[in-house]
Every structure is written in C-alpha cells, then in structure tokens.
Amino acid sequence: MARLAAFIVLVIPGIAAALGIKLMRDALFGILFSPFPYIWMQFVAGFLLLAISIGFFAGFLFRRDQRTGRIQKKK
C-alpha cells in the first residue's frame with residue numbers, strides 16, 4: 001500500500017511537469033490557450049509548473065534517501 005501511495009504522489013507532479021513542457025512548447029510556436037491572455041504569461045506558467053514539479057520530485061527522492069541512510073552526513 002505504501003508503494004502505491006508513493007507512486008500516486010509522484011505521478012501528480014509528473015503530469016504537472018508534462019503540462020508545463022506542453023505550455024512552454026505551445027508558447028514557442030505561438031499557440032495561445034484560453035486562460036492566458038498573453039503568450040509570455042503562458043510560457044512563464046509552464047516554466048513554473050515544470051520547475052515546481054522537478055523540485056518536488058527531487059525533494060521527495062532526497063528525503064527518501066536521507067531516511068534510508070543513503071546520503072552522507074554533512075561534515
């Protein structure tokens with residue numbers, strides 16, 4: 001059950017990161033979606049989604065490795 005919960009916790013940021021990449025790609029090609037009034041705003045929203053998702057994923061892995069003792073202590 002814990003593995004399923006961890007999988008679900010990691011799938012949601014993965015989907016958000018994919019959406020961020022899609023928003024940035026569409027902004028570069030000039031395709032504007034309805035909630036965004038400007039292309040630059042769409043690009044910034046996509047970049048923020050991608051950055052936050054990668055940060056969450058990295059923090060999740062770092063904390064998991066820290067708990068299991070795979071990371072060295074600071075000197």
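None of these values were measured; they are calculated from a predicted model.
Residues that satisfy the side chain to side chain contact (heavy atoms under 4.5 Å, CB included) test with Y38, not counting sequence neighbours, are W40, M41.
Among residues at least two apart or in separate chains, there is no salt bridge (Lys or Arg N to Asp or Glu O under 4.0 Å) pair with a member in residues 3-21. Applying the salt bridge (Lys or Arg N to Asp or Glu O under 4.0 Å) rule to pairs touching residues 41-59 yields nothing, sequence neighbours excluded. The stretch residues 8-35 participates, sequence neighbours left out, in these salt bridge (Lys or Arg N to Asp or Glu O under 4.0 Å) pairs: K22-D26.
Hydrophobic cluster of F7: the remaining members, joined at side-chain heavy-atom separations below 4.5 Å, are V11, I15, listed by chain and number.
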Listed pairs under 3.5 Å, donor-acceptor, residues 42-68 side chains, sequence neighbours left out:
unit_1 : atom_1 : unit_2 : atom_2 : d
Q42    : OE1    : F33    : N      : 3.2
Q42    : NE2    : L23    : O      : 3.2
Q42    : NE2    : I31    : O      : 3.2
S53    : OG     : P13    : O      : 3.2
S53    : OG     : A17    : N      : 3.4
S53    : OG     : L49    : O      : 2.7
R63    : NH1    : Q66    : OE1    : 3.2
T68    : OG1    : R64    : O      : 3.2
T68    : OG1    : D65    : O      : 3.2

